[in-house]
Protein chains: 2
Amino acid sequence: MESSDLKKAGLKATLPRIKILNFLESSGRDRHMSAEDVYKAMLESGEEVGLATVYRVLTQFESAGLVTRHNFEGDHSVFELNDGEHHDHILCVKCGRVEEFVDEVIEQRQHAIAKENGFAMTDHALYIYGVCGDCQKK
Amino acid sequence: MESSDLKKAGLKATLPRIKILNFLESSGRDRHMSAEDVYKAMLESGEEVGLATVYRVLTQFESAGLVTRHNFEGDHSVFELNDGEHHDHILCVKCGRVEEFVDEVIEQRQHAIAKENGFAMTDHALYIYGVCGDCQKK
DNA sequence: GTTTGAATGAGAATCTTTCGCATTTAGACC
DNA sequence: GGTCTAAATGCGAAAGATTCTCATTCAAAC
Ligand SMILES: [Mn+2]
Ligand SMILES: [Mn+2]
Ligand SMILES: [Zn+2]
Ligand SMILES: [Zn+2]
């Protein structure tokens, strides 16, 4: 459906790419998914795409700015559809819940710190880990 | 030498653990090393320790609070000796240079954000990526 | 010094991700 | 619509990082 988005991103509108993009757009709550997550979820919904293709396409989407890659799990990457607005994440170490936030003070301090150290900042990753409200009750 | 530190941490003072701890303590500039880095560097200096043991010991040191694990490279962990003071990192995406910093404003905002989201904060990771001064000149 | 459970080393195994290559396909051109 | 061609796919093999298994060794308690 969104083959226009793909072409705009300089990517040929192939069936696997369309399927994966559609899938990411329709995965409301669980926005943050690993390649394996995407692969399995698509299998279950009958949309067959090779695992290697999922990895390739997600990486291409990242380069094209369609998705963002995160490494807050340490041992594997998770991806989320890029909605244009940057945000950071706070994660529950018990249940895996993920909340998003933006803090202008932190954003500004980061730029200041980069400048202080003579760096031209290109990116940053901020992950806050903790126990969410629900998990504290248990 | 520092077998006392190990015992204090509840770890038996074995030869591999003593060697690795000594090595970490003597690695001045390159404080941030992967398990493989530690393994190879020790081989070169004649201190033979199995790779699996390096992985095991570093993980034990982490649990004991002797070292801190970072994932700023995405695909593998790096470790650094814990000096008691928390700090964050700014990394050059060209040459891999790592600088350390502490920013109280950011630290406080993080706690505030956790509270706002109902989380009991346990940890956080902040990595700023950019091009360092030297690499900008090239 | 002896005993014994814990730690080690070596390689196998696992997990995530990438590669190689034969086959398929999107998009350009007729 | 039919042809063509480079690019994309799917599969299994391969790679890199880390963990596991298990026989052997060792620290430290007695
Ligand atoms: Mn997000
Ligand atoms: Mn550091
Ligand atoms: Zn939770
Ligand atoms: Zn640099």
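Every chain is numbered from 1, with letters handed out A, B, ... down the list of sequences.
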Using atom [atom1] of [X] as one end and atom [atom2] of [N] as the other, report the distance to the nearest whole Å.
| X | N | atom1 | atom2 | result |
| --- | --- | --- | --- | --- |
| A/Leu51 | C/dT16 | CG | P | 10 Å |
| B/Ile18 | C/dA7 | CD1 | P | 13 Å |
| A/Leu58 | C/dT18 | CG | C1' | 14 Å |
| B/Tyr39 | D/dT19 | OH | P | 16 Å |
| B/Leu6 | D/dC26 | CG | P | 18 Å |
| A/Glu73 | D/dA17 | CD | C1' | 17 Å |
| B/Phe61 | C/dA7 | CZ | C1' | 13 Å |
| B/Glu48 | D/dT25 | CD | P | 16 Å |

Using the side-chain heavy atoms of [X], tell me which of these nucleotides is nearest: [options].
| X | options | value |
| --- | --- | --- |
| B/Thr53 | C/dG9, D/dT9, C/dA7 | C/dG9 |
| A/Arg56 | D/dC11, C/dG9, D/dT18 | D/dC11 |
| B/Arg17 | D/dA8, C/dA7, D/dT18 | C/dA7 |
| A/His76 | D/dA17, D/dT19, C/dT17 | C/dT17 |
| B/Tyr55 | D/dA17, C/dT8, D/dC11 | D/dA17 |

What protein N or O atoms touch nucleotides 24-29 of chain C N or O atoms at under 3.5 angstrom, if any, and at what distances?
unit_1: C/dG27; atom_1: OP1; unit_2: A/Ala13; atom_2: N; d: 2.9

Angle by which the axis turns from one end of the helix from C/dG1-D/dC30 to C/dC30-D/dG1 to the other, five pairs per end, to 10 degrees: 30°

B/Arg56 and B/Thr53: side chain donor to acceptor below 3.5 Å: yes

A/His86 and A/Glu107: side chain donor to acceptor below 3.5 Å: yes

Touch class at under 4.0 angstrom, heavy-atom based, for B/Ser34 against every strand present: nothing

Between B/Lys94 and B/Asp134, does any NZ, NE, NH1 or NH2 come within less than 4.0 Å of an OD or OE carboxylate oxygen? no

For [X] and [Y], which heavy atoms make the closest approach, and how far apart are they?
| X | Y | result |
| --- | --- | --- |
| A/Ala114 | B/Ile90 | CA-CD1, 3.6 Å |
| B/Ala35 | B/Leu51 | O-CD1, 4.4 Å |
| B/Phe23 | B/Met33 | CE2-SD, 3.6 Å |

Mapping B/Arg69 and A/Val54 onto DNA chain D by nearest heavy atom, which one lands closer to the 5' end? A/Val54

Spacing of A/Arg109 atom CZ and A/Ile113 atom CD1 [to the nearest 0.5 Å]: 5.0 Å

May I ask you to decide if the ring planes of B/Phe72 and B/Tyr127 are parallel, tilted or perpendicular, using 30° and 60° as cut-offs? perpendicular

When the ring planes of B/His87 and B/His70 are compared, do they come out parallel, tilted or perpendicular, using 30° and 60° as the limits? tilted

So that I know where these two stand, are B/His124 and B/His111 an aromatic pair - ring centroids less than 6.0 Å apart? no

Pick the closest DNA chain C nucleotide for B/Gly10 and for B/Ala52 by heavy atoms, then say which residue is nearer the 5' end. B/Gly10

